[in-house]
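Take a look at the structure below.
The figures that follow rest on heavy atoms only: side chains count, while hydrogens, waters and symmetry mates do not. Just so you know, these numbers come straight off a predicted model, no measurement behind them.
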2 protein chains.
Amino acid sequence: MSETTSTRAARLSDVARLAGVSAATASRALNGSDRGVREANRAKVLEAAKTLGYTTNVAAQAVARGRNRGVTLVVKGIPEDYANPIISGVVTAAQRRGLPVTITSAGTDPADLVEAVHNARSHRPEILMITGGRATDDATIPELVDALQRYEAEGGRVVLITQPGLPFDTVAYENRKGGYDMAKTLAGLGYRNFAVISGMKHGLTQRDRTAGFIEGLAESGIQLPADRVLIGEFTRDAAYAMTGDLLRRGIPVEAIFAVNDAMALGVLTFLRDAGRSIAVAGFDDIQALRDVTPSLSTVHLPWDQVADEALTMAMGPRGDEPRTIMIEGHVVVRESTPSVVP
Amino acid sequence: MSETTSTRAARLSDVARLAGVSAATASRALNGSDRGVREANRAKVLEAAKTLGYTTNVAAQAVARGRNRGVTLVVKGIPEDYANPIISGVVTAAQRRGLPVTITSAGTDPADLVEAVHNARSHRPEILMITGGRATDDATIPELVDALQRYEAEGGRVVLITQPGLPFDTVAYENRKGGYDMAKTLAGLGYRNFAVISGMKHGLTQRDRTAGFIEGLAESGIQLPADRVLIGEFTRDAAYAMTGDLLRRGIPVEAIFAVNDAMALGVLTFLRDAGRSIAVAGFDDIQALRDVTPSLSTVHLPWDQVADEALTMAMGPRGDEPRTIMIEGHVVVRESTPSVVP
DNA sequence: CCCGCTGCGGAAAACGTTTCCGTTAGGATT
DNA sequence: AATCCTAACGGAAACGTTTTCCGCAGCGGG
């Protein structure tokens, strides 16, 4: 406890004094770009800042400017081990534009999301981006919409990466069509007996993907009995467990459609552990798939493009109406769904 | 452009006025926990905050308090798809303690790290946590140390999750010993001809793991020729490519040690693609391994514990001297390194 | 020689909180 | 009934920036 000389952090006025200019000039030299500062002074300020180890106090900056630079990304349930492709997409896209991005995570509970949004809102970022599926039965939606609308009214920018339907600029991807296409593809490969491993009942993402899949099957002349749709948590581990349940029931299944890749991996691994050979298909085309055997058939989504569109929309002028950009995916057939010889 | 009524965000004084109390009281009711507020008033304030859709302006709060609540985590190169186990560990550990965590990512370049730290520092968080390997030849280290020491002098808390040796509280894991143990284990399984797939020359993590491995081999009576240590980027893709180089050279290799799991997966996949059967071992024991075949032998590290120790250290009192906590891993033998029958 | 620009610098007023400190009310103690 | 304590409250001064507004100098054109 000897050398704990608790110094104050250097502040702008310190820099200004050392450089022999006013705080206003120092500010202009360091951050405010619009107005000119004589070259000699600018150099002195930069020099002084360096010797003092000065860092802008962004909090103070945000207070003065009324807004925080950059984008705040609210994500549902980070701790999943398979990286969320949206996160890396947004981070890279923002980096390319020189925007700082702050990630705040919410639990999987809808109420957590609202809280996380409140939290993010309290940072007053220029851009507030929210990702994570919505649920139909979600009682917190009105509250969420309210908070976000208020935020927009205050001059903030809101972009959603999720299902369309909320009154905000949205980048969405074709969940239903992806499921539909996958069903047709699998039927085309000769499969007839299916099961679906899905997530929480009311989640829109999984609901649309499942509904699309069922519709695609129906159009191929295949009825999917209700008990073939298993529902649980939206995670790899839950999918692993659900596959066990499914097999224990002794239903003859030829192919399992999991509503996302992480879950599909859980299914795949369970089947391998159990020594069963059943076709598996997923959704998302996360990078982790590259290292898995058999390679997984899935619906590819161009995540980088999704993130990029979202950022472009956020940085562009605000439209009169909320816009929605739909991104299409396409089915990729790999080893996990070999064609069936009749 | 009709209803773009750009309202001001509600501020504390608005809430106070509506509740019929002073700003001071409103502040105490909403955030300042220490002092008492009469129950009736507290209720009125909360009510008013709700109807106004008030959110604390954390920037202003940070300015007033002089510090931002929570931990800022600086990570090297987020966009890797295999989730960094440290990130999820820290996020969960912080969540459990009710601390908000902000993640800022730096590129892979050392200079990027310094910049990211400057950036993080400018947020004035209570806790500044840095993860990502250090390099020996890193010219930016003095600058980094300087910035961090200044930060501590200003009253901030710095914790590193990386190699020991810098004058800050550090949580480190036994890289050298892990490599060493892995070598002995593999030798014990009967392997004799090895190659190592490693990352950037001067990275301490990979250097220690590699050095430990070589030492372990030596102690088992095996010399590892220098040309058997391949060096490239610290990523899965680079490892994939390096494995190709290795095989093209026609060296008879029985087992490949990759200095981390992501790289080991690249190796594994290349071997599979090339139809070769060579033993592979990694390091870290990331969760993604569960879904891969053959299951990968690796050095297990208790990441949740690492993160937890780091947070505990950060929240506890500051010691007179920087402390270092070493976390040990242990070898896990799985299918990718079957025992060799001589 | 005067006038109006232009370009730059500084003083000071915001920005939205927290917190210090003084004040008041009301109950407990003599 | 007078005094002392304590708890709750409010006014106002911070916190570290940005930005507005004003002043000043220098300069070219009339």
Give the nucleotide from the list C/dC20, C/dT17, C/dG9 with an atom nearest to the side chain of B/Arg28.
C/dC20
Any idea which of C/dT17, D/dG10, D/dT17 is nearest the A/Asn57 side chain?
D/dT17
Of all the choices, C/dG9, C/dG10, C/dG16, which nucleotide is nearest to the side chain of A/Ala24 once you look at every atom?
C/dG10
Integer-rounded Å distance: D/dC15 C1' and A/Arg11 CZ
9 Å
OP1, OP2 of C/dT17 versus side-chain N and O of B/Asn31: anything below 4.0 Å?
no
Tell me whether B/Glu39 is salt-bridged to B/Arg42, with the criterion being a basic N under 4.0 Å from an acidic carboxylate O.
yes
Counting side-chain heavy atoms from C-beta on, which of D/dG11, C/dT17, C/dG10 comes nearest to B/Tyr54?
C/dT17
A/Arg69 atom CZ is separated from D/dT17 atom C1', nearest whole Å, by 16 Å
Round to a whole Å and report the spacing from CZ of A/Arg67 to C1' of D/dT18.
15 Å
Distance-minimising heavy-atom pair for A/Leu52 and A/Ala10
O-CB, 3.9 Å
Side chain to side chain donor-acceptor pair (under 3.5 Å) partner of B/Glu154, chosen from B/Arg67, B/Arg121, B/Arg124
B/Arg121
Contact under 4.0 Å: A/Ser27 side-chain N or O vs D/dT17 OP1/OP2:
no
Tell me which nucleotide among D/dT18, D/dT20, C/dT17 gets nearest to the side chain of B/Leu12.
C/dT17
Please report, rounded to the nearest Å, how far the P atom of C/dG16 is from the CD atom of A/Glu154.
10 Å
For the pair made of CZ in A/Arg42 and P in C/dG7, what is the distance, rounded to whole Å?
15 Å
Out of C/dG16, D/dT17, D/dG11, whichever nucleotide has its closest atom nearest the side chain of A/Val63
C/dG16
Would B/Ser22 and B/Arg28 count as a side chain to side chain donor-acceptor pair (under 3.5 Å) if you check the C-alpha gap in whole Å, the side-chain angles of each, and the deciding distance to 0.1 Å?
CA-CA 10 Å; B/Ser22 75; B/Arg28 292 192 266 255; 5.3 Å; no
Between B/Ala64 and B/Ser22, just flag the one whose closest nucleotide in DNA chain D comes earlier from the 5' side.
B/Ser22
Rounded to whole Å, CG of B/Leu30 lies from P of C/dT19 at a distance of 14 Å
If you find the nucleotide of DNA chain D closest to A/Thr55 and the one closest to B/Gly20, which residue's nucleotide is nearer the 5' end?
B/Gly20
What does B/Val58 touch in the nucleic acid at a heavy-atom separation under 4.0 angstrom: a base, only the sugar-phosphate, or nothing?
nothing
A/Asn41 has an atom CG; how far is it from atom P of C/dG10, in whole Å?
7 Å
Are any non-hydrogen side-chain atoms of A/Val90 and A/Ile161 less than 4.5 angstrom apart?
yes
Could you check how far CD of A/Gln61 sits from P of D/dC15, rounded to whole Å?
19 Å
Verdict with supporting geometry, A/Asp169 and A/Arg318, salt bridge (Lys or Arg N to Asp or Glu O under 4.0 Å):
CA-CA 9 Å; A/Asp169 284 347; A/Arg318 176 129 145 244; over 6 Å; no
Of the listed nucleotides D/dT19, C/dT17, D/dT17, the one nearest the side chain of A/Arg65
D/dT19
Report yes if at least one side-chain N or O of A/Arg38 is closer than 4.0 Å to OP1 or OP2 of C/dG9; otherwise report no.
yes
